[in-house]
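Report on one structure; see the data block that follows.
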Amino acid sequence: MVDRFPSGVSRYDFLDELSRLERASRFDQTERNYFDEGPHLISSSDLPWGDEVRHLSVAAYERFIHGETWITGGGAREMEREIVSWMGGLLGSVDPAGFLTSGGSESNMCAILTAKQRAGRTGGSVVFPDNGHYSLHKLCRMFDLEPIAVPAPSGHLDRVDPTAIEAAIRPDTIAIVATAGTWAYGSVDPIAEIGAIAQRHDLYLHVDGAFGGYILPFLELGGYPAEIPRWDFRVPGVCSISADLHKNGMAPPPASTLFFRESGLLDLAKEICPPNGTISGTRGTGPIAGAWAMYRLLGTPGYVEVARKTMSLRDEIVRGAEAIPGLQVHPGSLINMTLIHSTQVDLRPVVDALRAAGWMFAVRAVPGPASIVLAPMPHNEGQAPGFLADLAAAVAVAPALTGSEAVGAEKVSSYGF
Ligand SMILES: Cc1ncc(COP(=O)(O)O)c(C=O)c1O
């Protein structure tokens with residue numbers, strides 16, 4: 001065994017440093033992680049396959065860790081084609097086409113670049129409900145497009161008015177983006193209506209299913225008793241759908257998918273972003289193999305089971321939070337995304353107390369001054385009672401909100417985007 005490596009570091013010091021950095025990333029506390037991304041490979045005592053799938057996905061990732069998809073990645077490209085044809089088919093495409101990207105942001109970027117290529121113009125605008133993810137604003141800045149974020153009907157942050165979307169379209173608009181599984185409301189935009197608008201105006205319609213993409217189809221197949229409005233390629237006018245493997249796909253990051261309605265659109269994506277349609281050139285094959293392992297081992301029946309488990313955890317949290325005096329759960333979520341807020345209590349000290357107790361979750365400044373965003377996954381099995389008890393205890397001693405704090409996000413930048 002080597003005593004010292006060329007840098008001068010010893011094996012012992014290296015492993016010690018690695019452990020310190022691992023603790024700083026809080027991998028050791030992931031059992032209290034309600035955040036939407038991160039190491040949430042499926043692992044739940046309540047699911048029949050327990051940790052086995054997680055181990056095999058890690059093994060697949062490791063075996064492909066050295067690879068790239070460019071010259072030597074034949075096996076990974078085959079895995080990618082399998083994932084795209086399986087999931088693209090489930091999303092209602094008869095000619096599934098697409099690719100894997102590094103995440104929901106890149107998938108949105110590739111979709112809008114494809115729309116740009118279709119429109120054959122530079123500049124222009126993109127219309128979307130203002131519940132759209134901030135990556136839409138980011139990509140507009142990057143690609144010299146104007147974001148037209150259409151405000152929600154007053155008092156209903158999770159709702160979208162299709163008439164207002166249509167009214168916002170300008171002659172230079174190249175695309176509309178709608179969301180299936182909004183962050184942080186968990187709502188699904190009225191995509192059937194928006195699809196009809198896109199067709200009327202001959203516009204590209206992209207559906208951001210980063211969060212909802214890998215759960216909504218399985219909830220529908222499993223007959224989960226929520227009414228899910230049509231949102232995928234079965235809606236005429238939908239050109240592309242992004243869906244994140246590293247969210248509800250349960251795969252190790254970074255991994256997302258972008259699906260096109262038909263292969264002609266993939267050709268346009270490749271024209272503007274050769275050779276794959278992706279922003280990145282060299283793509284590591286580890287994430288593709290990790291995601292492929294999840295698909296190959298769970299398949300559709302496994303994901304249906306995961307979706308069912310995930311939603312029962314969400315329902316447990318919703319019921320518990322609603323029973324805590326002073327708290328409200330934002331209505332309208334169709335997926336495992338729960339926004340807890342309060343019109344009576346200042347949740348900022350509550351957030352601090354929960355974080356000090358080791359709970360990891362996202363915080364949002366709207367509704368103000370701070371709201372708690374939870375995205376339970378199967379590995380959160382058994383944690384809801386402890387979380388709810390800590391939440392109730394912190395809320396019981398939290399100060400009341402004064403009127404002006406209850407609105408506006410301006411003063412609370414450290415509590416959200
Ligand atoms: C709806 C939606 N779109 C896009 C993204 C961006 O995904 P990523 O962070 O993987 O780039 C997210 C992330 O939470 C999201 O919720």
Side-chain angles (χ1 to χ4, degrees), residues 33-41 91 98-113 126 128-143 147 149 152 157-158 160 175-191 194 205-217 231-232 238 240-259 278-280 283-284 287-288 290-291 294 310 314 330 332-339 360-366 371-377 416-417:
N33 180 13
Y34 279 113
F35 184 48
D36 59 356
E37 280 166 272
H40 55 56
L41 290 173
L91 292 171
F99 42 73
L100 266 67
T101 71
S102 62
S105 304
E106 187 185 348
S107 292
N108 282 344
M109 286 174 198
C110 297
I112 297 306
L113 286 173
V126 180
F128 53 90
D130 74 353
N131 64 24
H133 189 255
Y134 76 91
S135 56
L136 301 177
H137 293 271
K138 174 167 151 179
L139 71 86
C140 283
R141 277 200 298 279
M142 290 169 73
F143 304 145
L157 294 172
D158 58 301
V160 171
I176 306 177
V177 182
T179 304
T182 57
W183 201 97
Y185 309 113
S187 52
V188 175
D189 289 345
I191 290 165
I194 297 175
L205 172 58
H206 171 61
V207 175
D208 181 352
F211 219 99
Y214 279 92
I215 189 165
L216 288 166
W231 65 277
D232 57 17
V238 172
S240 55
I241 298 175
S242 50
D244 283 6
L245 287 154
H246 65 200
K247 294 189 174 75
N248 280 312
M250 300 278 149
S256 169
T257 25
L258 180 62
F259 303 97
T278 54
I279 306 266
S280 49
R283 289 179 301 157
I288 297 175
M294 303 306 286
T310 301
R314 183 207 71 165
H330 204 277
S333 175
L334 295 183
I335 60 166
N336 53 331
M337 178 71 76
T338 300
L339 180 82
M360 283 182 271
F361 52 89
V363 177
R364 196 172 154 85
V366 181
S371 309
I372 293 169
V373 186
L374 301 176
M377 302 271 178
F417 293 115

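As the structure lists them, so they are numbered: ligands from 1, and atoms in each ligand from 1. Note that this is a predicted model, so its numbers are computed, not measured.
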Quiz prompt | ligand 1 N/O within reach of Thr179 N/O, cut-off under 3.5 Å | solution = no
Quiz item: With distance as the sole test, does Ser333 use its side chain to make a donor-acceptor pair with the main-chain N or O of Ile335 at under 3.5 Å?
Solution: yes
Quiz item: So do the side chains of Glu106 and Ser256 get within less than 4.5 Å of each other, counting heavy atoms only?
Solution: no
Practice problem: To the nearest 0.5 angstrom, please state how far the NZ atom of Lys138 sits from the CZ atom of Phe143. | Solution: 10.0 Å
Exercise. Provide, to 0.1 Å, the distance between atom 15 (C) of ligand 1 and the closest protein heavy atom, together with that atom's residue and name.
Key: His133 CD2, 3.4 Å
Quiz item: Taking distance alone, with no angle check, do Lys247 and ligand 1 share an N/O pair under 3.5 Å?
Solution: yes
Practice problem: Taking atom types as modelled, find out whether Tyr34 and Thr338 have a side-chain donor-acceptor pair closer than 3.5 angstrom. | Solution: no
Quiz item: Is Asp208 close to ligand 1, meaning an N/O of one under 3.5 Å from an N/O of the other?
Solution: yes
Self-check item: Polar atom proximity, Ser105 to ligand 1 (N or O, under 3.5 Å)
Solution: yes
Exercise. State the CZ-CG distance between Phe361 and Asn33, to the nearest 0.5 angstrom.
Key: 11.0 Å
Quiz item: Is there a nitrogen or oxygen of Gly104 sitting under 3.5 Å from a nitrogen or oxygen of ligand 1?
Solution: yes
Quiz item: With a 4.5 Å heavy-atom cut-off, do Thr101 and Ile279 have their side chains touching?
Solution: no
Quiz item: Using the benzene-type ring in the case of Trp, are the ring centres of His137 and Phe128 under 6.0 Å apart?
Solution: yes
Self-check item: atom 16 (O) of ligand 1: the protein heavy-atom neighbour that sits closest, reported with distance to 0.1 Å
Solution: Trp183 CB, 3.4 Å
Quiz prompt | Numbered atoms and elements of ligand 1 in range of Asp244, under 4.0 angstrom, heavy atoms | solution = 7 (O), 10 (O)
Quiz prompt | Element-labelled atoms of ligand 1 that are located less than 4.0 Å from some non-hydrogen atom of Gly103 | solution = 10 (O), 11 (O)
Quiz item: Could an N or O of ligand 1 be found under 3.5 Å from any N or O of His246, whether backbone or side chain?
Solution: yes
